Amino acid sequence: MARQTWKIPDDFILGAAASAWQTEGWDGKRPTQDSYLDMWYKNDPDVWHDGYGPAVATDFYNRYKEDIQYMKDIGLTHYRTSINWSRFLLDYETAEVDEVYAGYIDDVIDELKRCGVEPMLCLEHYEIPTVLLEQYGGWGSKHVVGLFAAYAEKAFERYGDRVKYWFTFNEPIVPQTRIYLDALRYPYEQNTKKWMQWNYHKALATAKAVAIFRKRKPSFREGAKIGVILNPEVAYARSSAPHDQKAAQVYDLFFNRVFLDPSIKGVYPDELMELMAKHDILFDHDEEELSVIKRNTVDFVGVNLYYPKRVQAPSRQWNESTPFHPAYYYEPFELPGRKMNPFRGWEICPRIVYDMAMRLKYEYGNIEWLIAENGMGVEHEERFKNEEGVIQDDYRIDFISAHLREAMKGIADGANCKGYMLWAFTDNVSPMNAFKNRYGLVEIRLENNRSRALKKSACFYRDIIKNRRFETEEFRYK
């Protein structure tokens, strides 16, 4: 099969991502500063693979200079991480800053910039303080929305002169979907209306943070932008039949447009509002709040893309005693012959990048966006080490190349895609899976005091960043 060469625009971001809780560890954390993930790990450690969790993670808190040197060696243009809200403040009601942790973030930013890596900061990557869950019910509370806005202002005030790219949330739909919709994570409560209230309050919190950002913008770096990182799953219907098309449409409303529309367009879809009212899960809101969302849409959006969502019309009768779940309208469909990552159970379908690019172009005003996460998690990567001990992760190189190819095709067709951020820079802890599936350009050797080593993919990534081009097999869709 012929090879194709793809040129990457000179200003196209080629970076990598992580989060605070998945990398930092607990060193220096005060007993009162637990996040939701810390609390979950303490209360239910047995569900975390081999007992690994956020307690040590990759020890980035102590080893950030070492890791940032690897970023420099690879040539990353950007690195996206989060500020751990639970550690950044001493008092969540008054937004009193913890100078020790804030100073650590200062040092990370300065080291990144010294090494030529542009920092990107996310304000919340599942790191809501535990005390706000216990006292107010977390994102079910409008008071917590106000506390988040106050926290955001402190972060803008502290780092706005050095950080150009800001995000309010990473995957804001995920925690409550796992906790309250599907009851898969601690405390395992099924409550669909609470799920939707959390969705709404995070959209409102984004709008309030955007308003504060714009008010303070004169003190920011030139060209500073604020966005949100979403994880819309490109939803494909099994067939062109109306019942399958409706299944995909409803899935899209509940899991994608619930954040895409208020964040980018400033309004909720009428169809979604009607369905929520029909099933008695409409979020508590007022017109002033909706006006805040309308006036304060994001500058750009990050999109996390890993796999497609394939659905069909439900084939079974819904148990009417079961609380409402959007699955009332759909069920999963497995495409015969699909290519799979067997370690995560995820379909590999690079076309989702192009299709998302076209959707953002035609349905969302061609807003500026970037691929904020994309990557491949593989178990037991030590199997692929060569004689020198370097992991030969050609599967990851192929995965990156195929998805980058789709981004370049989208740009050629007018998409406003500005970058690609690999998940992840190093192997790191994931919820429950811990270090089971490895995603990094850089290996974390748990058996050797978490020492680091470049994988083959790191050298590949370095080459495409330097040369601004890469090759893939010629590919045509059937």
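Everything quoted here is computed from the prediction, not taken from an experiment. Every heavy atom of this structure was used, including side-chain atoms; hydrogens, water molecules and symmetry mates were not.
The main-chain N or O of Pro9 is found under 3.5 Å from a side-chain atom of Arg468 such that the two form a donor-acceptor pair. Distance alone, capped at 3.5 Å, is enough to place a donor-acceptor pair between the Arg80 side chain and the Ala372 backbone. With hydrogens and angles disregarded, no donor-acceptor distance shorter than 3.5 Å links the side chain of Glu233 to the backbone of Pro308.
Within the 4.5 Å cutoff, no side-chain heavy atoms of Val228 are placed close to those of Lys202. Leu89 has its side chain within reach of Val97: a pair of non-hydrogen atoms, C-beta onward, lies under 4.5 Å apart. Gln312 places a side-chain heavy atom less than 4.5 Å from the side chain of Asp244. Using a 4.5 Å heavy-atom threshold, the side chains of Tyr236 and Asp355 count as touching.
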Verify ring pair (Phe, Tyr, Trp, His ring centres under 6.0 Å) between Phe300 and Phe167, making sure each step is shown before the conclusion.
CA-CA 9 Å; Phe300 73 129; Phe167 301 99; 5.1 Å; yes

If you apply the rule side-chain hydrogen bond (donor to acceptor under 3.5 Å, both in side chains), what do you find for Asp413 with Tyr354, and how did you get there?
CA-CA 9 Å; Asp413 287 346; Tyr354 180 83; 2.6 Å; yes

Chi angles and distances behind the ring pair (Phe, Tyr, Trp, His ring centres under 6.0 Å) call for Phe254, Tyr330:
CA-CA 11 Å; Phe254 275 107; Tyr330 69 86; 8.7 Å; no

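Surrounding NZ of Lys309 are more than 12 heavy atoms belonging to other residues, nucleotides or ligands, all under 6.0 Å away. Within 6.0 Å of NZ in Lys466 there are 12 or fewer heavy atoms belonging to other residues, nucleotides or ligands. Counting heavy-atom neighbours within 6.0 Å of Lys215 NZ, excluding the residue itself, gives a total of 12 or less.
In this structure, CD on Glu368 lies 5.5 Å from NZ on Lys418, to the nearest 0.5 angstrom. With rounding to the nearest 0.5 Å, the separation of CZ in Phe259 from CG in Asn199 is 4.5 Å.
By the 6.0 Å and 45° rule, Arg87 stacks over the aromatic ring of Tyr61. Lys265 forms a cation-pi arrangement with Tyr364, by the criterion of a distance under 6.0 Å to the ring centre and an angle within 45° of the ring axis.
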